[in-house]
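Protein chains get the first letters and strands the later ones, always in sequence-line order, with residue 1 at the start of each.
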Amino acid sequence: MNYTLTKNERLKRGDFRGTQWTKCSETKHFSLLIHKNRYEFKRIAVTIRKQVGDAVVRNRVRRLIKESYRLHKDLFVEGYDNLIKVKRVPHKIFLKEIEDELGNLLRTRKIHTSTRQ
RNA sequence: AGGGGUAGAUGGGUGGUCGCAGGUGUAAGCCUGAGGAAAGUCCGGGCAUCAAAGGGCGGAAUGGUUCUUAACGGGAACCGGGGGUAACCCCAGGGAAAGUGCCACAGAAAAUAUACCGCCUCGCUUCUUGCGGGGUAAGGGUGAAAAGGUGAGGUAAGAGCUCACCAGCGCACGGGCGACCGGGCGGCUUGGUAAACCCCAUUCGAUGCAAGGCCAAAGUGGGUGCCGCCGAGAGGCGGUAUGGAUGGCCCGUCCAAAACCCGGGUAGGCCGCACAAGAUCCAGGGCAACCUGAAUCACCAGAGGAAUGAUCACUGUCCCGCUUCCGGCGGGAUACAGAACCCGGCUUACAGCCUACCCCUUUUU
């Protein structure tokens, strides 16, 4: 188990073109969309709309989500692209809160991935 | 001591652990990694492409003067006007006798002046008085603004009708590079609005790094005007001057026409891309903005659905409470905000703390 997040694990511009995303689950602030990729490993991307907050808040939320992914990689499934959409900004932007909500997001997801495989 | 004005600085620190991006290195590792505003995208430039980026019309911007600068709508000094006891601050600050338009409500009248009340006078009538004609902008009332202001003379009552001073206009003189200032003379006078159209002067080609250049999977070939005649067709001969580009339009200019010519270009990658109007410091010039010269520094952010993060410990600053001999303990606060080609400005946001100079008031001497 490694706690890294390299460039290959991030989605690039071409990965968004014509991709059919499947919405798996959703919490108060986030929603999770996944898509089977053609690699052996998992990848992640975070999207936040400009209307959600200013650049400082958006940066902080994205970094904390990436940090949570890095520390809990085992919760994600291999061979899938994960797109986390931030619908609105939580009141408390701390690592603990983001980790907890992301845990909830992934726990409610399980059914969908099993049916796809 | 209190209140105020101007200019500026700072934008928490140290260490550990887990990570990210770039550079370097065979590797281990080492080095570097957001801001004063990175923001708003409001101006100006560099750079790049567009057919030479040419002329005219249109359009846009600017608007006291002189400087400064790569350039500016920025900055400096000065002039004029306004505000403040003062330090100081604010001003799109050219033209209203080139023309057109507008000036709500109120008011008699809002621009070739006008007569509602009042004042004076004449006629008729008459007990008081009333009616009609004429003169009058001194007074009343309205308004943001009422046809120069104040005073004296003058008059039937009045009026730049006359005179003095003031304001404004014109003329020459003196001073200043200039905006303008000063005193003098003249005739006595022409409302405001140009961030209404407009006029004048000056400036501006367009588009922005998603500019643009190079390589290039996949997929796929493309172009060669029109008319007439001949010919089965391929094609040939002759004629016509058209088609396309110029990004608001026109002129002008350029490109293409018979046998072959050539690829263009998506995904993706590389470059553009950080040595630049560079930073620090010194000397000289200038009231200042700024300029000139010398020295030193250099891997010093370079991402791309977008790195610069997370967490722990100690600690700095400020506030509150408790305790109190220095002091200690507990709690809280620590802003605005995130590079996206790069610079020079402007504007806006900003917790706390600090510095310099200046002004006013009070007290003491």
Nearest-angstrom distance, [atom1] atom, [N] to [M]:
| N | M | atom1 | answer |
| --- | --- | --- | --- |
| G135(B) | G101(B) | P | 31 Å |
| U203(B) | C336(B) | P | 48 Å |
| C271(B) | A337(B) | C1' | 34 Å |
| U280(B) | G178(B) | C1' | 40 Å |
| C42(B) | G182(B) | P | 45 Å |
| G331(B) | U315(B) | P | 13 Å |
| U66(B) | G80(B) | C1' | 15 Å |
| G160(B) | A152(B) | P | 13 Å |

Give a yes or no on whether K85(A) atom NZ has more than 12 heavy-atom contacts from other residues, nucleotides or ligands under 6.0 Å away.
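Incorrect, the count does not exceed 12.
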Phosphate contact (A306(B) OP1 or OP2) by R62(A) side-chain N/O below 4.0 Å
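Result: yes.
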side-chain N/O R10(A) vs G304(B) OP1/OP2, d < 4.0 Å:
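Result: yes.
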Using side chain to side chain donor-acceptor pair (under 3.5 Å) as the criterion, point out the one residue from K66(A), R43(A), R70(A), K73(A) that pairs with E9(A).
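Testing E9(A) for a side chain to side chain donor-acceptor pair (under 3.5 Å) against K66(A), R43(A), R70(A), K73(A) leaves exactly one candidate, K73(A).
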Rounded off to whole Å, could you give me the [atom1]-to-[atom2] distance for the [X] and [N] pair?
| X | N | atom1 | atom2 | value |
| --- | --- | --- | --- | --- |
| K66(A) | A310(B) | NZ | P | 11 Å |
| K85(A) | G305(B) | NZ | C1' | 13 Å |
| N59(A) | A39(B) | CG | P | 13 Å |
| D54(A) | G35(B) | CG | C1' | 15 Å |
| Y69(A) | A307(B) | OH | C1' | 17 Å |
| R58(A) | A38(B) | CZ | P | 19 Å |
| F94(A) | A310(B) | CZ | P | 11 Å |
| L71(A) | C20(B) | CG | P | 12 Å |

Nearest of C18(B), G338(B), G305(B) to any side-chain atom of E67(A)?
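Nearest nucleotide to the side chain: C18(B).
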If [N] has a Watson-Crick or G-U wobble mate with both distances under 3.5 Å, name it; if not, just say none.
| N | answer |
| --- | --- |
| C326(B) | none |
| A216(B) | none |
| G151(B) | C163(B) |
| U65(B) | A77(B) |
| G58(B) | none |
| A241(B) | none |
| G309(B) | C18(B) |
| A48(B) | U207(B) |

Nearest heavy atom decides the nucleotide; on that basis, is R63(A) or T47(A) closer to the 5' end of RNA chain B?
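Upstream on the strand: T47(A).
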With nearest nucleotide decided by heavy atoms, which residue, V46(A) or L5(A), maps closer to the 5′ end of RNA chain B?
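Result: L5(A).
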Just call it for R60(A): base, sugar-phosphate, or nothing, with non-hydrogen atoms closer than 4.0 Å on any strand.
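Sugar-phosphate contact only - R60(A) comes under 4.0 Å of backbone atoms but never of a base.
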Need the glycosidic conformation of [N]: syn if within 90° of 0, anti if not. Which one?
| N | result |
| --- | --- |
| A274(B) | syn |
| A53(B) | anti |
| G36(B) | syn |
| A257(B) | syn |
| G160(B) | syn |

Report yes if the side chains of [X] and [Y] come closer than 4.5 Å at any heavy-atom pair, otherwise no.
| X | Y | answer |
| --- | --- | --- |
| F94(A) | R60(A) | yes |
| L102(A) | I84(A) | yes |
| I44(A) | L5(A) | yes |
| K87(A) | H29(A) | no |

Which pair of heavy atoms, one from R62(A) and one from V46(A), lies closest together, and at what distance?
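Reported closest heavy-atom pair: CG-CB, 4.0 Å.
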Does any donor-acceptor pair link the side chain of R70(A) with the base of C18(B) at a separation under 3.5 Å?
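Answer is yes: a donor-acceptor pair is held.
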Would W21(A) and H35(A) count as a side-chain contact (heavy atoms from CB on, under 4.5 Å) if you check the C-alpha gap in whole Å, the side-chain angles of each, and the deciding distance to 0.1 Å?
CA-CA 5 Å; W21(A) 293 99; H35(A) 167 252; 3.6 Å; yes
